[in-house]
Every structure is written in C-alpha cells, then in structure tokens.
Amino acid sequence: MTVIAEPELLDSTALADPFRPQLARIASVTRETSDTVTISTELPATGSLPQFVPGQFSMLYAYGAGEVPISISGDPGNPDRLDYTIRSVGAVTTALITRKVGDYVAMRGPFGTSWPMEAAAGEDVLLVAGGIGLAPLRPVIYHILRHRSEYGRLVILYGARSPKELLFRKELSGWSKSPDTQVLTTVDYGEPSWRGYVGVVTKLFNFVSLRPERTITMMCGPEIMMRFGIRGLQGRKFPDDRIYLSMERNMKCAVGFCGHCQMGPYFICKDGPVFTYGQMRHWMGDLREL
Amino acid sequence: MIGIQEFIQYTKGQSILEGFEPQDLERLAALAKEVHFKRDQIVFREGETHGRFYLIMDGSVVLEITAGGHPMLLQTLHGGEAMGWSSLVDSEGGAHFQARVISPVRALSFDGPSLRSTCESDPAFGYRMMKALLTLVTERLDASRMQLVDMYSNPGVARA
Ligand SMILES: Cc1cc2nc3c(=O)[nH]c(=O)nc-3n(C[C@H](O)[C@H](O)[C@H](O)COP(=O)(O)OP(=O)(O)OC[C@H]3O[C@@H](n4cnc5c(N)ncnc54)[C@H](O)[C@@H]3O)c2cc1C
Ligand code: FES
C-alpha cells in the first residue's frame with residue numbers, strides 16, 4: 001500500500017526557511033473558465049520541486065501585487081510539476097492569472113495539513129466540491145485513481161453556478177468512466193443545452209447510495225456551501241469525525257507566527273487547512289464571518 | 001387506479017410518502033394513474049392550470065422559465081421526487097414554470113382537485129398529506145434560497 005505522508009511529517013515550520021520564496025517557471029497555462037486559470041510550474045534548472053500531499057497550499061507571490069495562498073491542484077504522483085488553479089478575484093490573483101508560459105512566479109511552501117488519504121484507505125470516499133473548491137480536491141482524485149485498489153467507491157459531487165463555470169470539464173467526464181467511480185455535476189442555473197442536474201450541490205446526496213459508517217467525506221467550497229452540505233450529511237447520519245473540510249482564511253505568514261488566519265483555537269495555515277467537522281463545529285456558522 | 005401492491009412497489013424511493021399510514025397509501029393508489037412522457041415533451045407550460053400532481057418514478061424533468069427572451073433552467077427533478085404540488089393548494093393562476101422532460105419519464109399522476117377533496121373529507125389523511133407537502137415545499141424553498149445566496153460567487157475566504 002502506498003502511504004501518503006502524514007501532515008506532521010511535512011510540518012511547514014520544519015521547512016528549511018519557510019519565509020524564503022523559491023522561483024518557479026510557468027511551463028503551461030490552461031484557461032479553465034472566464035476567470036480561472038491553471039498554471040503548471042517547474043523549477044528553472046535542475047533540482048526538485050518540494051513534495052506535497054493532497055490538501056496543501058503554497059504562498060504564491062506576484063511581483064508588485066502581493067502574496068496569496070493557493071492550493072496545489074495537480075497530481076501528487078508527478079513530482080516535476082506543481083499546478084495551481086487560480087480564480088481571479090482581486091489584485092494578486094488577477095496578476096497571477098495573467099502570467100504567461102516562461103514567466104516566473106515566486107512561491108513558498110507547501111504548507112498545511114493533508115486530506116485524510118490514510119484514513120480513507122479501504123473506505124468509500126465522497127468528495128463534495130463547490131466552485132473553485134474542486135481544485136484542492138483534484139490531487140485526491142488523482143491519488144485515488146492512481147491507487148484504485150486501495151480505496152472503495154469514489155463519489156464526486158460537484159456544483160457550480162452555471163455550466164460555463166464548471167472546472168475541469170473534460171477530466172470530470174474522464175473520471176466518471178473510471179472503475180467504481182460516480183461523478184455527478186450540478187449547476188444553479190442551466191442553459192437549454194445543459195443535460196445535467198440543475199439545483200444545489202447538496203441535492204445530489206439524494207442520487208447516490210452511500211454507507212455513512214464506511215464513507216470518508218472530503219468537502220471544499222465556500223463556507224456557506226459546506227454548512228449546507230454538513231447539514232445534509234448529518235441528516236443522513238454521517239459521523240462528524242468522518243467529514244473533512246478545507247477551511248480558508250486570509251493569510252500572511254502561513255506558518256503559524258502572525259495569527260492572521262486564526263479561527264477559534266486554530267491557525268488555519270498550520271493546524272489546517274484540512275480539519276474534521278468535529279474540530280470546526282464550534283467555529284463555523286457564525287454569520288458575521290460571511 | 002392502481003393496485004396497492006403495485007403502488008407500494010412503484011413508490012418505494014418516494015421520501016414524500018414516508019410518514020403515511022397503509023390506509024393513506026390505499027387512498028392514494030385509488031387516485032393514481034401511471035403516465036409516461038417522452039424526451040422533450042412538455043408536462044405543463046408556464047401559466048397553464050394543469051391541475052395534476054406527479055410522483056416521478058424514473059426519468060428527469062427540468063423546470064424552466066423564460067427570462068429576457070432566453071429559457072433558463074432552474075431545477076431538475078428525478079425519480080423519487082414530486083412535481084406539480086401547487087395543484088394541491090387552491091391557488092389562483094397557473095404554473096410558474098414550464099416542466100420539460102429531459103429523459104423519458106414514468107410517473108404516477110394524481111388529479112389535484114380530487115386529491116384535495118379527499119384531504120378535506122378525511123382530515124387525518126389531509127393532515128399527513130399537507131405535512132408531506134410542507135416538507136417538500138420547505139426543501140424547495142431552502143434550495144431556492146441557496147441558489148439566491150449565490151454560494152459560489154465567493155469561495156469562502158472571510159476577510160480577517
Ligand atoms: C488555504 C487556502 C487555499 C486557497 N486556495 C485557492 C485556490 O486554489 N485557488 C484560488 O483561486 N483561491 C484560493 N484561495 C483563495 C485566495 O487565496 C484568495 O482568493 C486571494 O487571497 C485573494 O487575493 P487578491 O489579492 O486577488 O484579492 P483581494 O484584493 O484580497 O480581494 C479582492 C476582493 O475580492 C474579495 N475576495 C477575496 N478573496 C476572495 C475569494 N477567494 N473569492 C471571492 N472573492 C474574494 C475580497 O473581499 C475583496 O473584496 C485559497 C485560500 C486559502 C486560505
Ligand atoms: S497566516 Fe500567520 S498564523 Fe496563519
């Protein structure tokens with residue numbers, strides 16, 4: 001069985017110098033939607049990119065604009081590339097998505113905890129993603145498909161606002177043809193040519209048969225979507241400690257020094273971004289945070 | 001009218017019928033008619049008073065509306081779901097949406113006014129029917145609210 005490194009083995013504070021950025025060259029740029037781009041980075045000379053585990057993020061630096069946390073969205077089995085899927089929402093992300101092949105980007109990390117790939121071994125895996133939230137889950141899908149026999153059923157539920165805003169459309173269709181894998185996609189509003197589901201992502205729970213006690217759920221998306229998702233899972237008796245979430249907060253240091261990303265007793269950068277719902281229960285759902 | 005055994009078999013995955021007593025199912029079976037719709041067939045049109053309530057057994061239907069001259073898909077309904085609940089309340093005016101079949105549908109169809117008068121003549125049944133309906137409407141309302149919130153516009157970074 002392939003064992004994915006435990007989060008603590010990749011403790012970010014143990015990196016040589018977590019504040020020192022490394023320059024990487026953009027090897028390819030893929031436009032995913034009108035505001036989202038995937039950049040694939042490689043090291044300019046010989047050397048190796050830092051190892052990562054699904055769920056981790058890097059701090060990407062765009063000169064003159066600033067630095068932001070972005071999850072690694074690529075294949076953990078391909079050590080020569082680090083991919084990032086970036087949605088443009090402000091100054092830094094816009095600067096990053098307008099980078100071209102051959103440009104350089106500075107990055108720190110990878111930081112943070114991983115999705116529970118070990119705990120999920122031998123279990124069914126339910127992935128629930130909304131919008132850009134599919135990007136941090138994509139390494140999980142690559143990993144499971146690469147080690148298919150080590151996991152049970154894989155169910156991917158993905159929601160976006162409209163068909164035009166769905167990420168990785170070709171891949172979604174490819175994944176749905178993988179053994180013992182079910183992919184259901186839904187949009188809030190469809191166009192006449194759309195043949196898939198229309199409605200919120202939580203409605204998709206009705207169309208898959210899952211065994212709550214044998215399923216590990218990993219959920220990533222806007223916090224409000226995750227709150228609705230958790231409610232739907234609880235109604236179906238999924239135990240809180242088998243539901244994992246990736247949390248997002250604004251970050252500065254990314255290594256647990258500045259306190260910028262604090263949520264209750266946790267620093268999202270260091271103790272997360274992946275948590276069980278059991279850990280997050282008391283800290284989610286505060287409407288002031290939306 | 002459908003035999004009770006057949007009705008029970010047909011409505012297995014229908015969560016809307018979960019709180020119903022055996023005699024309720026018999027009443028419903030007596031009012032039910034099996035219907036089939038082909039792909040792209042219109043089950044009811046916007047503004048039309050179709051007066052029917054459906055329990056979808058298989059297939060899919062999309063509820064759509066024309067906005068700014070363009071059809072917009074608002075929700076899909078699938079096996080195990082109900083459609084046309086407004087026919088059970090004494091509402092003015094017709095359907096707010098058009099229902100179009102996207103994959104061949106097999107459904108149980110109920111005449112809204114007959115179902116309503118059964119509810120009125122047997123208040124215990126009527127109460128359970130309205131409770132089931134309210135659950136359905138609440139689910140739909142929650143889903144519409146979630147759509148209105150536009151959950152995906154902000155991937156969740158709360159500005160610290
Ligand atoms: C652990 C972690 C992983 C992340 N992974 C990804 C990822 O894989 N891909 C990705 O695209 N983003 C990801 N993000 C979010 C990303 O870091 C932010 O979008 C980014 O910091 C915004 O910076 P900016 O300078 O472009 O925008 P800012 O100038 O900081 O913000 C511009 C405006 O957009 C709003 N805003 C800020 N962030 C968002 C947002 N995320 N969505 C919508 N509106 C926003 C702000 O309120 C502000 O009004 C992640 C965040 C965290 C904490
Ligand atoms: S970003 Fe500084 S403590 Fe988390």
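Chain letters run A, B, ... following the sequence lines, proteins first and then strands; every chain starts at 1. Basis for what follows: all heavy atoms, side chains included, without hydrogens, waters or symmetry-related copies.
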message: Let's test your reading of the structure: which of B/P71, B/G79, B/S103, B/S144 forms the most heavy-atom pairs below 4.5 Å with chain A?
response: B/P71

- prompt: Any idea which heavy atoms bring A/V198 and B/L73 closest together, and the distance?
  reply: CG1-O, 3.5 Å

query: Does any N or O in the side chain of A/K203 come within less than 3.5 Å of the main-chain N or O of B/Q75, such that one atom is a donor and the other an acceptor?
result: no

statement: Between the CD atom in B/E139 and the CG atom in A/N206, the distance rounded to the nearest 0.5 Å is 7.0 Å

A/Y189: ring-ring contact (aromatic ring centres under 6.0 Å, His included) partners, not counting sequence neighbours: none

- request: Considering only heavy atoms and a distance below 4.5 Å, find which of A/M247, A/E165, A/M251, A/E191 pairs most often with chain B.
  value: A/E191

- request: Select one option (side chain, backbone, both, neither) describing which atoms of B/E64 are under 4.5 Å from chain A's heavy atoms.
  value: neither

- prompt: Among A/G199, A/S162, A/P69, A/G131, which residue forms the greatest number of heavy-atom pairs with chain B at distances under 4.5 Å?
  reply: A/G131

task: Return the option, out of A/M226, A/M225, A/R195, A/Q262, with the maximum number of heavy-atom pairs under 4.5 Å with chain B.
output: A/R195

- prompt: Aromatic rings B/H78 and A/F207: how do their planes relate, parallel, tilted or perpendicular, breaks at 30° and 60°?
  reply: perpendicular

- line: Closest non-hydrogen contact found for A/R161 with B/Q147 is NH1-O, 4.0 Å

message: Report, in residue-number order, which members of residues 21-34 of chain B are under 4.5 Å from chain A by heavy-atom distance.
response: none

message: Surrounding CD of B/Q9 (heavy atoms of other residues, nucleotides or ligands, distance under 6.0 Å), is the total greater than 12?
response: no

Heavy-atom pair count under 4.5 Å with chain B, highest-scoring of A/A160, A/G130, A/C220: A/A160

query: A/T202 versus chain B, heavy atoms under 4.5 Å apart: side chain, backbone, both or neither?
result: side chain

- request: Report the option among B/L77, B/L74, B/I102 that has the most heavy-atom pairs separated by less than 4.5 Å from atoms of chain A.
  value: B/L74

field: Pairs of heavy atoms under 4.5 Å with chain A: top-ranked of B/M72, B/R100, B/H70
entry: B/M72

task: Measure distances from B/R140 to the heavy atoms of chain A and classify the residue's part below 4.5 Å as side chain, backbone, both or neither.
output: neither

